[in-house]
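Read through the structure below, which is laid out as structure tokens, and then see the notes.
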Amino acid sequence: MENESKNIFQSVKMRSENLKAWFGTHEVLHGITLSVPEKYVTAIIGPSGCGKSTFIRCLNRMHEVVPATKVLGSVYLDAIDIYKNSINPVNLRKKVGMVFQKPNPFPTMSIRDNVLAGLRLQGIKPYDAHATVEKALTQAALWDEVKDILNRPGLSLSGGQQQRLCIARTLALEPEVILMDEPCSALDPIATAKIEDLIQELKSKYTVVIVTHNMQQAARVSDVTAFFYLGELIEFDRTEKIFTTPKNRKTEEYVTGRFG
Amino acid sequence: MVIDLTEKQAFRERMIKALLFFCGMVSVLTTLGIVGILVFETWGFFQHVSFKQFFGDTQWTPLFTNQHFGIWALVSGTVLTSAVAIGTALPLGLLAAIYLSEFATKNFRLFVKPALEVLAGIPTVIYGYFALTFMTPFLQNFIPGLSGFNALGAGIVMGMMILPIIASLSEDAIYAVPPSLKEGAYALGANKLATIFKVVLPSSFSGIAAATILAISRAIGETMIVVIAAGQQPNFSFDPREAIQTMTAYIVQVSLGDTPTGTLAYQTIFAVGMTLFLFTLLLNLFAHHLRRRILKGHL
Ligand SMILES: Nc1ncnc2c1ncn2[C@@H]1O[C@H](COP(=O)(O)OP(=O)(O)OP(=O)(O)O)[C@@H](O)[C@H]1O
Ligand SMILES: [Mg+2]
């Protein structure tokens with residue numbers, strides 16, 4: 001089944017092969033093989049605890065930030081195995097950015113400094129800081145709302161604005177892939193709609209992988225959808241197929257809301 | 001289900017309440033009493049000595065026939081030793097806190113935190129002798145012209161004394177920084193050091209500042225170390241190699257000496273005590289303000 005989507009979308013941006021992940025001795029991913037198509041939105045759905053977060057955290061090597069964790073298998077970005085010894089996870093994360101479930105702007109920084117935080121944390125002096133800030137905030141659909149208050153603390157914004165600020169912060173690094181772990185679950189419907197629109201815009205330039213609990217959201221924003229269950233990839237296909245004619249009974253039960 | 005209190009139970013409740021109220025009042029009354037005496041005696045002192053003599057002079061010789069009352073000679077001693085102490089304790093304490101919260105294993109952390117508290121429990125008289133008989137001779141190897149009693153040795157040892165306060169409280173503050181902020185930094189391609197210095201430390205600034213202020217107020221109030229190792233010489237100087245006298249050390253000198261009560265020389269200790277009290281009060285108010293900000297979630 002995963003070959004199918006590979007044929008549909010010519011170019012594969014990231015690919016996991018037989019990816020296994022552990023917390024301590026608890027194996028939470030049992031060998032996931034999945035291809036993320038370039039410049040499309042890939043949704044990951046599945047019941048709570050099935051390993052969605054763990055999976056996308058393996059894609060930018062954030063899983064290993066948690067103590068006592070382990071990963072086996074390969075993940076390719078373009079043709080490079082990111083779990084190779086010679087790969088520095090710090091450099092990888094510049095290419096594969098991540099947006100978290102709860103907006104987490106840096107509390108001691110202004111809106112402007114939050115956008116520039118990634119560059120500054122890497123010790124890069126932006127060539128034209130103002131242009132970088134404006135560009136990232138514009139792409140994150142936040143510029144008009146904050147252009148006159150760039151020096152206010154990032155935390156002074158609403159939850160939805162904070163989340164778009166976190167997206168802007170990631171975009172400022174000009175990554176190739178953006179991972180989003182339930183980016184709207186802490187937001188109200190209006191803020192959610194804005195972020196969903198934004199994701200649609202982003203895919204013209206970026207490859208997006210989004211974890212969501214919200215079936216309608218997956219159906220609205222994604223091009224392909226992967227259904228995870230108990231640490232396994234059960235089905236992976238074009239989104240409309242997953243939601244209209246899934247092949248697997250478990251998938252059907254889940255997307256029709258019979259469990260999960 | 002409602003249970004009526006019997007007459008006897010109600011009486012007991014009232015008695016216990018009264019007892020607890022009394023216990024609470026003891027500390028309040030003690031504080032008021034101390035402040036009252038300080039204010040009263042200080043007022044008496046300023047009947048004989050003008051503000052100009054007190055704040056406009058740099059010599060402090062109330063025990064000599066040629067009396068001078070320039071408080072700055074004592075304030076400089078206090079500020080000097082405290083500055084050396086903070087200069088020693090802040091960098092070391094902060095590095096220790098960073099190590100404990102970000103690098104050490106859980107077991108090491110569980111072992112070191114109580115050990116730090118033991119260090120804080122050593123009687124200060126022992127620190128005093130350590131400063132006099134070890135630190136000063138040791139420093140004299142490198143610093144020619146360091147007198148046998150000096151602000152430097154006393155200050156450094158005082159720094160060791162307040163180190164646990166800074167390390168332990170800063171560690172709490174650093175540990176309390178939400179992991180989501182660190183993850184945010186890592187996800188932006190930051191390495192561990194950048195994350196610590198640009199995200200974690202700024203986010204725990206209030207807690208570290210509160211710890212530092214608390215440590216400064218301990219240093220300012222510290223008595224034994226400076227009495228033993230810093231000399232008893234009021235000296236308006238900011239050269240740490242010289243002997244000095246702090247406000248606290250002066251109070252000890254007069255209290256233990258044969259200065260008759262009721263004399264002007266005797267009253268000086270209340271004026272000095274009042275100055276010391278105002279110093280620490282201001283610092284504590286500031287620390288309290290910072291703590292409130294932390295509790296309210298401002299940084
Ligand atoms: N920090 C952790 N330490 C130990 N086990 C963990 C940790 N985080 C997650 N797990 C376990 O790993 C498994 C997968 O968790 P994961 O967070 O990937 O699930 P998820 O699909 O994202 O769930 P949710 O939809 O609730 O976010 C779960 O069984 C969970 O209990
Ligand atoms: Mg999750």
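Side chains included, hydrogens not; waters and symmetry mates left out as well; all remaining heavy atoms used. Within every chain, numbering begins at 1; the chains are lettered A, B, ... in the order of the sequence lines, protein sequences first and strands thereafter.
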* Criterion side chain to side chain contact (heavy atoms under 4.5 Å, CB included) against Leu152(B), the qualifying member of Leu80(B), Leu139(B), Val157(B) -> Leu139(B)

* To do: With a 4.5 Å heavy-atom cut-off (strictly below), which parts of residues 159-176 of chain A touch chain B? List them by number.
  => Arg169(A), Thr170(A), Leu173(A)

* Structure fact -> Taking a cut-off of under 4.5 angstrom between non-hydrogen atoms, the residues of residues 202-213 of chain A near chain B are none

Sidechain-backbone polar pair: [X] side chain, [Y] backbone, donor-acceptor under 3.5 Å:
X: Asp81(A); Y: Tyr76(A); value: no
X: Ser82(B); Y: Val79(B); value: no
X: Ser217(B); Y: Leu214(B); value: yes

* Which of the residues Lys94(A), Lys95(A), Met62(A), Gln101(A) is involved in the greatest number of heavy-atom pairs with chain B at under 4.5 angstrom? -> Met62(A)

With chain A, which of [options] has the greatest number of heavy-atom pairs at distances under 4.5 Å?
options: Lys192(B), Lys198(B), Glu183(B); result: Glu183(B)
options: Ala190(B), Pro178(B), Pro179(B), Ala194(B); result: Ala190(B)
options: Leu188(B), Asn191(B), Thr195(B); result: Leu188(B)

Tell me whether [X] at atom [atom1] has more than 12 heavy atoms from other residues, nucleotides or ligands lying less than 6.0 Å away.
X: Tyr175(B); atom1: OH; answer: no
X: Arg218(B); atom1: CZ; answer: no
X: Arg241(B); atom1: CZ; answer: no
X: Phe23(A); atom1: CZ; answer: yes
X: Phe103(B); atom1: CZ; answer: yes

* Asked: With under 30° as parallel and over 60° as perpendicular, where do the rings of Phe238(B) and Phe236(B) fit, or are they tilted in between?
  -> perpendicular

* **Pair Arg120(A) + Asp113(A): basic N to acidic O under 4.0 Å** => yes

* Going by an N to O cut-off under 4.0 Å, is there a salt bridge joining Glu27(A) and Lys70(A)? -> no

* **Which atoms of Val90(A) approach chain B - backbone, side chain, both or neither, heavy atom under 4.5 Å** => both

* Structure fact -> When the 4.5 angstrom heavy-atom criterion is applied to Pro153(A) and chain B, the contacting part is neither

